[in-house]
Each structure stands twice: as C-alpha cells, then as structure tokens.
Amino acid sequence: MHSETAPAIRLEDYQPPAYCIEQVHLTVDLAPKATRVTAVLSVRKEPDTANGTPLVLDGDDLKLKTIRLDGNALAEGAYAATVDRLEVHTPPETPFELTLETELDPDSNTKLMGLYRSSGTYCTQCEAEGFRRITYFLDRPDVLSVYTTRLEAPKADCPVLLANGNLAETGDLEHGRHFAVWHDPHPKPAYLFALVAGDLAEVSDRFTTASGESVALNIYVEKGKEDRCAWAMDSLKRSMRWDEDVFGLEYDLDVFNIVAVSDFNMGAMENKGLNIFNDKYVLADPETATDQDYANIEAVIAHEYFHNWTGNRITCRDWFQLCLKEGLTVFRDQEFSSDMRSRAVKRITDVRLLKSHQFPEDAGPLAHPVRPRIYHEINNFYTATVYEKGAEVVRMLKTVLGPEGFRAGLDLYFDRHDGEATTIEAFLACFEEATGTDLTQFSLWYEQAGTPVVSAETEYDPDRKTFTLSLNQEIPPVPGQKSSKPAVIPLRFGLIGPNGNDLDISAAKGAEVSGDVLILNKSHQDVTFENIASPPVLSLLRGFSAPVRLNQQLEPQELEFLAAKDADLFNRWQAVQTLAMLDLVRTTGLYSQNQQLTSTQTLIDVFGAILNDSTVDDALRAQALTLPSEADIAQEIGKNVNPDAIHAARTFLRKEIATAHDPVLRRLATDLSPPGAYSPDAASAGKRALANRALYYVAVADDTAASDIVWQRFSNADNMTDRLAALTLLVHDDMPRTNAALEDYLARFEGNSLAMDKWFMTQATAPISNAVARVRQLMTHPLYDAGNPNRVRSLLQSFATGNPTQFAKPDGTGFELVAESVLDIDRRNPQVASRLLTSFRSWRALDPQRSALAESALLRVSACEELSRDSRDIVDRTLQ
Ligand code: B3K
Ligand code: ZN
C-alpha cells in the first residue's frame, strides 16, 4: 500500500468563491520555534452565496490556537479545525471579522514553503499554496485582499523587518523588541504575501518614475554579500525604465524591496513590493559570477519586476491560468534582454532552452497543454511548457497581429482587467476586440499539448517561373490526446536568390502571406510564388517564429548557403545546427553498428568559414560553433537511444573540427580581452564566449601545448567565465592537473557558496566512468548540504540532466543514485525531490536495456509508502 494520489483538480469544476476577504490584518510575533500569527480577516458573504453556507478555509500543517468571531470566542461546536482545514459552520450573513491565532515553527520548516528560516533570516514563500501554512485562509488566487502586516521581533536578531507595500509605522517595544507595520494598498491574492526579518545588509538607490514619483529601491542580502549587488540594482533600474518606455507601465508603491536568501526552492518570487530571490539571481562579481550568471540576473530581476503588472496588478483566476502571468512575463523579460543585448543571440539561447527543456517535456509522459485542464499538485506545473512555450504563444500572437495590434490588445488588457483575477479567454478577447481578429483557432495553442511537426516540400517550375511550397502540420499523439486540430502557425520566411538577396514574395497564392509571414492554419496547404526567375533557397521559420519541429529536407550545400548568406541571423545559426545534427545522427548510427566514424567536408568547411569571418558578432559565432548537445541529439534520434554512442559521435566530430582548424582555433582561444578590463556587457561577453568555444576544441588536441593553454586559462583567469570554462575542460576531458585545479578552486572559493555550486556541478557533469562514485563521494563532502536546494541541484540535478552517459549508465547505478536521492530529499523538501524526479521523463526513448533499468528505479520510488504528493504525482505520470 503506498501513499495515495492526491485528488484531481479540474478546470471545468471551477466555482467562484462563496466568501471574500476584503482586509487582512496580520500580526506576526517572530520566534524561531514558536512564531505566533494573529490574522484578523474581514469576511463578507458573496451576494450569490446562500445564507448559512459554511466558510471553509485552507490550512496546511497548522495549529489553531484561538478563534474569535467579531471579537467573541467561538463555541466548540461552531467550527471544526484540522491541520489542513477550518470550517465555520454557520457564519453570519452580514460582514464579520474572524480572528485566528496560529503557531508556527519556522526552524523545522524544511519544505521552504510558508514561513521558514534561511541562514537565520525569516522569509516566506507563498506561491502557489504556502500562505495556508501561515494561517487558515481562502488560499486561491481569485480572493484579493488588502493586507496590513505588523511584525515584531528582537531588535538585535532582526533589525530589518519587511512586508509587502509601504512602511506605515515602526517603534520599539519592551525587552529589546521592536515592530514594523507595512500596508499594501493594492488588493492581492495570498500567494503574493511576503515577510522577511533578519540581520541583513542593505544596498539602496532611488528611481524616479515617468510621472515623477520617487521610489526607494533596496536590495537586502546576508551581511558580507553587499558588494555583489551592483549588477542586480543596475538591472532593476533598467527594467523599470524599459517597462515605462516599451509598455507604458509604471511602478506603483513608494518602495521596491528585493531580498536575497541562500535557501530557496526556485529562482525568485514576485511578492508585491517585496521580491524574494535566490542568491543566485542577485549576487555577482567578476571573480565569482560568469557572463551567463550576469545575463540570468538581468533577466530574472526583470522578470520579477515585470510581474508587478503581469501577475500582480492583473492576476490569475485559478492556477490553470498560470501561463497568463508566466508566459506573458517570460515574453516580456525575453524582449527586455533582447533590447539590452544582441537580439539574435538572445533568440538563439531562448530557442536552445525551449528545445532542450520544453520539447522533451512535450514529447514524453509529462506533456500537458500550456493551460492544463487537470492537476494533482500545482507545484509540478511550473514547467517549461507553461513558462517557455507560454512565452512562445505570446510571441506568435504578436507575429500574427503585428506590433501595433499586439500593443493595442495589451493596452486594452491592462485597462480592462487592472485589479482583477482573470483568464486566458479574457486576455485573448482583448486582442480580438482591439484588432477585430478571430482568435478561436489560435487559442488551440493553450489547449493542445505536443509539439506540432511542420513538413515542407518545395518544387520549382522553370517554365512557369513558379516556386511551390507544400506544407503539412501534425501533432504526434501525447498522453491523453490522441488526435489534434490544426494550429495557427505563423511561419516567417524568405526566398533567397543566388546572390543571397531575398526575393519578392508578395505574389503568393494559397495562403495568407503578410509581409514575410505566412499563416499555416490547415493540415495541408500549398503556396505558390510567381515570377521567380531561378530556383531559390527557402529560409523557413526565420527567428523560430513558432514552437514547432521543422521537417525540411535541405541539401548540405543549401544549408551551407544559408549558413553564409541568410539575412536572418537565427536561421544562419539554425543551418549550421542542422548540418551538424545530420552528421551527429549519422555518426551515432555508425558507432552503434561498430563502423568507422567519418565526418563530412561540408560541416568542416562551414566551421572554417565561421572561424575565419570576423565580420560576424563574436557571441553569434560562439553559438554557431557550439554543436547540438547530447540531449538534443538524443531527442532527434527519438527512440532506442544509446547515450554512449551519442557521446562518442559528438566527441569524434569535435576532434575532427579541432584537427581541421587547429591554427585558427589556437589563435582565437588565446585572443583574450586585456586583463583587468572585465565588463559584463554583451560585446565583452561575446569575446570571452568565442575564445572559450575555441578553447573547447583546442583542448581535445593530444599535445602538451594544448593542455598548457587550458591550464593557463584556468590559473591566470581574472574572471569566473574564463576560469570555469577552463576548469570544465580539465575535469570533463580528464586532462592532466585536474585535481590540482579542483583543489586550487576549492581553496579560492570555499567561502562562496554560489562559486562552490559550480565546483560541484562541474564534477557531477563530467562524462567519465567513475562519475557515479564521484557524486556519491561528493555527497559526503563537508560542503555538501542536502537541505540547500542550490547545492542539491548543483550536484544531483546536474548529474541527472547534464551527464547523460553516466545517469543512463548500462549498469543502472546512475538511475539508482538519483532514485535513492529523490527518496531521501522527498522527506525534507518535496518540491526539490519532485523536480529531480522529472529527470527520468525521457526514459522510454532509451534503448531496451537502459529503459528497463530506469523503470525499475522509478518503481522503487513508486513503492515508497510515504512519498509526498509532489513526487507521487510525477512518478505516477512518468510510469503511466
Ligand atoms: N512565480 C514564481 C514561481 C513560483 C513557483 C511556485 N512553486 C517565480 C516566477 O515565475 O517569477
Ligand atoms: Zn514568473
């Protein structure tokens, strides 16, 4: 008998709340093991609710100390309280005040949901359902209340007391205690509630809004970390300005506080006026943060700030609508980063992420629509599909409607729904009304799971001078969805003439073509272009204009042509990837059949052309020179996957490229920016990316000079980007002096946990045969902490998702390690455990021996009697 699957929650069962809670007055008397929470709730029956309808509040692991209604203690028979539910049997018909006292133990809260302590700092995480771990409440996003929060604590331990909104009052109390009262005038759902108390350092600045309001900006961090906040603060100010410039959206409180903590289940949280962040997305300096870290901080700071409008001012009616805030906000942060950096490079990195995280999700047992219709545990739906595919849907909406139509629809959305909890239907209706477009078919993107496959065939008729494009679309079956309807797929494209120029495509017949976008909205469509003098090369899905798999048989020389000539930089990159993928899949097959591996001259030549073309942006060249990952290749192969064959094929091609272009690679690898001139800007980061990509190829040359270059890069680096790139090569390629490098790194960064996460991660992802033993050994390292989510992710999640040959080792030890860890972590922190468990999601695509081993590891997890609802949900769906 194992733990029960939690009951299913269905979108179709949505009922509006029977009561509303207009005001919440919280008094939180903080103590590590016994925090007292007094909640005074102003409750009012909704007009449609029958008199005498019980008031049922949510709880989770709560202890009710006292309950009063309009100041009077409630008789025992008038209510029923359990750890997870409070019912007042017959509440008054007229508005009333319910006063609840609960007692919490923040120190024992290892789930990191509700109120907990991170390195001594009290903090909260309430999304999705953490507020019910603080007090009994109508913990659902469509109940919006005005919060006033009074915090009390010893002044010496907690000089900083923060909650949502504006500071209303502070003062001293007896016995060295003090208090602060915060008032948030904006009605909000409970999931946006937050408080923080601790002895934190503060970094302050100010921002003046377009309407001239001065806003205090503060970043709070653990003491000693304050000199690593400058980039986050700079990113925040740029985000605030950008949202005003691009969307006309201004900030709406006197203060914007950010707190960074070291124990956090995810990246960050957009609590109104008090964002709480994982340290990882705030702290940076050149010695300890990579260029990627800088870019991530910029993006996450922006993301959480942008939620103030898309999520907080306008929130979700229910959790099925999660993509309403997440998809839109990811789209907004992607646009922000594109404006701050190179648009093409940003698009490439976003598409890489989509393909590596979302596509496999959409092709496996955990597939679900962007707006799911059923869940057992909502925390398992903060997925790449809801976030990244959700953002792609918003991007397509903009492509379909054009920038002006898109902006008009968004303006209407902000205007009409400000202060509300709403739905995807209401969102789409704004775009329909603002532009007069029927989005019924478009809305299927929210309903249908699975990645559409678009097949394209072309034919040139030299007599008629016509070029015909035959398009097909289809969504392969996914769990719970056997058939599907044709989607609206905006295909940005160009026809390229022999000299590399785009031809005139305005004379198209058979489909709606506006500008350079063709709308594919049927299963099959033929489009004919007239007056095409000679056979063109088709550049399809420019900028990755839709989240689809493209099936287009281009000849290697056509891909070579696109790689060199396409006006669309994304498709230039894509052409190189496609060429490389063809070779990688072919070589993987050769390896599996014990045949001699070979490379093709076209790929080698294309790499040579990129290496020698200094007119192209360095960051873009670095991207083009990055071979598809082993996980990408596995996905492309799709079934009977043998990770060892993939690894061998990829290593072989890497060596072929390295040998063919040795001199230029060595030159690029050592052509560094002047020392001491570190700057995180896109151009400098691009230069480092290119040098380190070149170094990656140089490292496979079997000579001392090559290994010396890598070692020099490691030991002379004046920034983390270069040092970590070199360390990764030393460890992953098992080069001489690996241990010396690991020890040197440890000695340098022992005191910096974010830097140490990289040390654990580099070792966990090394594709070498003792990896399992090494990870097990690292789990006993004094710096390993199974209670710290970042550390667990850096060692175990990295191993499971970033080390395909060792995770899927044919002796089953990799799977066992992860299954065992899931069971261990699940007792402490279900969210971290269930996330780790999702690393099994592609198990059925593995070869029979490996998939049998994965299945038995999953069955072992499933057999656990005390599995959390989070992990139970994932294991059930993964095995189904
Ligand atoms: N909204 C939060 C995620 C909450 C996850 C809850 N399990 C961060 C974000 O998307 O901005
Ligand atoms: Zn978000």
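Start at 1 and go down the list; that is how both ligands and their atoms are numbered.
With salt bridges taken as basic N to acidic carboxylate O contacts below 4.0 Å, none links Arg228 and Glu222.
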Let me see the working for Tyr251 and Phe207 under ring pair (Phe, Tyr, Trp, His ring centres under 6.0 Å), right down to the final yes or no. CA-CA 10 Å; Tyr251 189 60; Phe207 179 85; 8.7 Å; no

Would you please test Lys188 and Asn312 for side chain to side chain donor-acceptor pair (under 3.5 Å) and show each step? CA-CA 7 Å; Lys188 64 167 175 290; Asn312 300 4; over 6 Å; no

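Protein heavy atom in closest approach to atom 6 (C) of ligand 1: Glu127 O, 3.2 Å. Nearest non-hydrogen protein atom to atom 8 (C) of ligand 1 is Ala268 O, 2.9 Å. Closest to atom 7 (N) of ligand 1, if we only count protein heavy atoms, is Asn379 OD1, 2.9 Å. Nearest protein heavy-atom contact of atom 3 (C) of ligand 1 is Tyr387 OH, 3.5 Å.
Atoms of ligand 1 lying under 4.0 Å from at least one heavy atom of Lys325, given by number and element, are 1 (N). Near Met269, with a cut-off below 4.0 Å to any heavy atom, the atoms of ligand 1 are 1 (N), 2 (C). Atoms of ligand 1 found under 4.0 Å from any heavy atom of Glu270, numbered from 1 in the order shown, are 1 (N), 2 (C), 8 (C), 9 (C), 11 (O). Atoms of ligand 1 lying under 4.0 Å from at least one heavy atom of Gln831, given by number and element, are 7 (N). Using a 4.0 Å cut-off to heavy atoms of His307, the atoms of ligand 1 that qualify are 9 (C), 10 (O), 11 (O).
Take the N/O/S atoms of Glu326: the one nearest the Zn ion (ligand 2) is OE1. The N, O or S atom of His303 lying closest to the Zn ion (ligand 2) is NE2.
Between the side chain of His417 and the backbone N or O of Asp415, no donor-acceptor pair lies under 3.5 Å.
Counting heavy atoms of neighbouring residues, nucleotides and ligands inside a 6.0 Å radius, atom NE2 of His183 exceeds 12 of them.
Minimum heavy-atom separation, Asp873 to Asn380: OD2-ND2, 2.8 Å.
Of the N or O atoms in Glu326, one or more lie within a sub-3.5 Å distance of an N or O in ligand 1.
With Phe320 as the partner, the side chain to side chain contact (heavy atoms under 4.5 Å, CB included) test is satisfied by one option alone out of Phe381, Tyr446, Tyr375, Tyr14: Tyr375.
Trp231 carries Arg238 over the face of its six-membered ring, with the cationic atom under 6.0 Å from the centre and within 45° of the normal.
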